[in-house]
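Before any comments, here is the structure.
Letters A, B, ... are given to chains in the order of the sequence lines, protein chains preceding strands, and every chain is numbered from 1. Keep in mind the model is a prediction, meaning the values are calculated, not measured.
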Protein chains: 2
Amino acid sequence: MGKCEQCIIKQFNSLKSLTKDELIRISACKTSKTIKKGEVIFEEGDSINGIYCVKNGVCKLSKLSENGKDQIVKMVVKGQLIGQRSLVSNENSNLQATALNDMEVCFIPRTEIIADLQKNPKFSFDMLKDMAHDLREADDIIVNMAQKSVRQRLAETLIYIHESFGVNPDGTLSVILSREDYANIVGTATESAIRVLSQFKKEGLISTVGKFIRIEDINGLKRIE
Amino acid sequence: MGKCEQCIIKQFNSLKSLTKDELIRISACKTSKTIKKGEVIFEEGDSINGIYCVKNGVCKLSKLSENGKDQIVKMVVKGQLIGQRSLVSNENSNLQATALNDMEVCFIPRTEIIADLQKNPKFSFDMLKDMAHDLREADDIIVNMAQKSVRQRLAETLIYIHESFGVNPDGTLSVILSREDYANIVGTATESAIRVLSQFKKEGLISTVGKFIRIEDINGLKRIE
DNA sequence: TTTAAAATATGATATCTGTCATGTTTTATT
DNA sequence: AATAAAACATGACAGATATCATATTTTAAA
C-alpha cells in the first residue's frame, strides 16, 4: 500500500498542509479501495465517518429529489476530497457518491482527521478555503439553475467538463456521462437533454459518437443565450 | 460602543469560540455601523477585508445574473456573520449584500480574524461547521431549483421565512419582502411570483395586506406538489 | 395634499420544457 | 451470433412559465 507522505495526490487538496509526521500517522490508519464504475461509495443518510481522497477516477455527488430524480450537485476528480462536510458537521451524508468510472480512493477515518484539524491550524485553514471555494461554486450553480435556460445550462456543463476534466487524445471529453447524467446535472428531463445535445450536433457545436462527445466550437457554445 | 466580550449576539455564531482576550482585542478594532433599509453593504467584486457580525436586522445576499435578474442566494439575520468566504479565500466578494430593513452590524477587519483562525483551532473548526452547514443548504437549494415548480419553491420559501425568521404579534411574517424579492429568491419572473401569491391567497393558504403576508394554512403550503 | 413613481395585479399570448408514446441504436449477456 | 436490456432518439402534445401590455394600488416626494 502506498504511503501518504510520498503520495503526489495530496498536493491538490488540503492534506498538503499536514506535516510529515501527521501524514505518516494517517498513512498507517488509512485504507485503499478500488471502486468500480457505477458503484455507490456512500448513500444519502449514511454515516461516513471519514474522508475519501480520490487517487484516480471521477465520481458524482447527487441528491435524490422528491420527484424521483437524482440531482447531481458536484463532480469530484483525482486529487479532491469527499466527505469533508459530513466530517466537520458530524452529521450523516446529505449526498450520494457514485463512481462514474473505475476509481482508486483512500479512506481516512474521522478521528484522525479531526485530531489534525484541532492541532494544525494551517490544515484547517486550508480546508476552510476549500469549502469557501465550494460555496462560491454552489452560488453560481444556484444562479444558473434559477436564471438560465436548459440550453444554456447544458452548454455551460459541456464547457465546464471540457475545461475542468480535460479531453482524450482524440479531443473527446475524458469524462463519459450518460444522457441521463447530463440531464441530472442540468436539472431537466432526460429527453430534453438528449434533444438539446442533438440540436448542438446539428448546429455543429459538438460531435458525438455514442457516449463520446467532442466540442467542435467552444466559442459557439459560449455564445449561446 | 458595545464590547464584543459582553455581546450576546456572538452566542449565535462562531465568534463564541473566541477567548475573552481575543474578544477584547477584536472589540478594540471593530467598527459599528447602522445600515438603512435598501442600502447596499457591499457589491459583487468589492474587496470586503473583514467580516460583518449582524446585531440587528436582515439582509439578502444576491448575485447578478446575465439576464439582469438579481438572484437571492441566502438571507442573513441577527446573529449571523457575513463575509467569511471572501475572508478565507482572500478573494473579492462574489455576492452583493443589501439590507432588507434597518440593520446594526459590527465590522471586524480581516487581519484580526485571520490571526485568530491561525491561533484558535476551536474557532476555525466552528467556522468550518458554519460553512459545512451553508453548503448543505446550498445543495438543497440547487435540488429545489432544478426539480421543483415555481409554486412549490414559493411555498417552501414562505415556510422557510416563517420558521427561520418568525412572525410579528399579528402573525404576519416579520421579514418584509417585495414581490420582486420573492421572485428573486424563487428564481422566477416577478409577475409569476405575484400570480402564485395571488393564487395562494385565493386558496386560503395565505392572507396579504400590502407587503404583509400571513400564513393561514401552513400544512396546506407543505402539501403543495 | 398633490403628483409622480414604484409596486402590485391580471389578462393575453408565445415559448420553453416535461410527459407520453414509439422506434432505433447500442451494449451486455447468453 | 442471437437475444434481451438499456440507452438514445424523435414526434406529438400538454402544462408551466416568461413576456408584453395595461390597469390599479401603494408609496414616496414635492
Please identify which of these residues, B/Thr98, B/Asp181, B/Asn184, meets the side-chain hydrogen bond (donor to acceptor under 3.5 Å, both in side chains) condition with B/Lys60.
B/Asp181
Nearest-Å distance for atom pair CD/C1', residues B/Gln147 and C/dG18
12 Å
Does the protein touch nucleotides 10-16 of chain D at the base, only the backbone, or not at all? Give it as B, S and - per nucleotide, heavy atoms under 4.0 Å.
BBB----
Closest heavy-atom pair and its distance - A/Leu81, A/Val76
O-CG1, 4.4 Å
Is a salt bridge present between A/Arg151 and A/Glu203, judged by a nitrogen-to-oxygen distance below 4.0 Å?
yes
Atom NZ of A/Lys148 and atom P of C/dT17 are separated, to the nearest Å, by 14 Å
Check the distance between D/dA9's C1' and A/Ile213's CD1 and give it to me in whole angstrom.
14 Å
Just the rounded figure in Å: distance from C1' of D/dT26 to CD1 of B/Ile176.
14 Å
Is there a donor-acceptor pair closer than 3.5 Å between any side-chain N or O of B/Asp170 and the backbone N or O of B/Thr172?
yes
Start at the 5' end of DNA chain D and walk down; is the nucleotide closest to B/Ala193 or to A/Arg179 reached first?
A/Arg179
Let me know the distance between CD of A/Glu225 and P of C/dC16, rounded to the nearest Å.
13 Å
Under 4.0 Å, heavy atoms only, any strand: does B/Thr188 hit a base, just the sugar-phosphate, or nothing?
sugar-phosphate
With the sugar-phosphate defined as primed atoms, P, OP1 and OP2, and the base as all remaining atoms, what B/S/- string results for nucleotides 24-29 of chain C, 5' to 3', for protein heavy atoms under 4.0 Å?
------
Over 12 foreign heavy atoms within 6.0 Å of NZ, A/Lys16
yes
Using distance alone, with no hydrogens and no angle criterion, decide if A/Ser207 and A/Glu216 have a side-chain donor and acceptor under 3.5 Å apart.
yes
Classify the ring geometry of B/Phe165 against B/Tyr160: parallel below 30°, tilted from 30° to 60°, perpendicular beyond 60°.
perpendicular
Closest heavy-atom contact between A/Arg136 and B/Ser86?
NH2-OG, 4.4 Å
Distance in angstrom units between B/Leu197 CG and C/dA7 P, rounded:
16 Å
Could you pull out all residues at least two apart from B/Glu44 that satisfy side-chain contact (heavy atoms from CB on, under 4.5 Å)?
B/Lys63, B/Leu64
From CZ of B/Phe200 across to P of C/dT10 the rounded distance in Å is 15 Å
For B/Gln152 and D/dT17, give me the distance from atom CD to atom P, rounded to whole Å.
9 Å
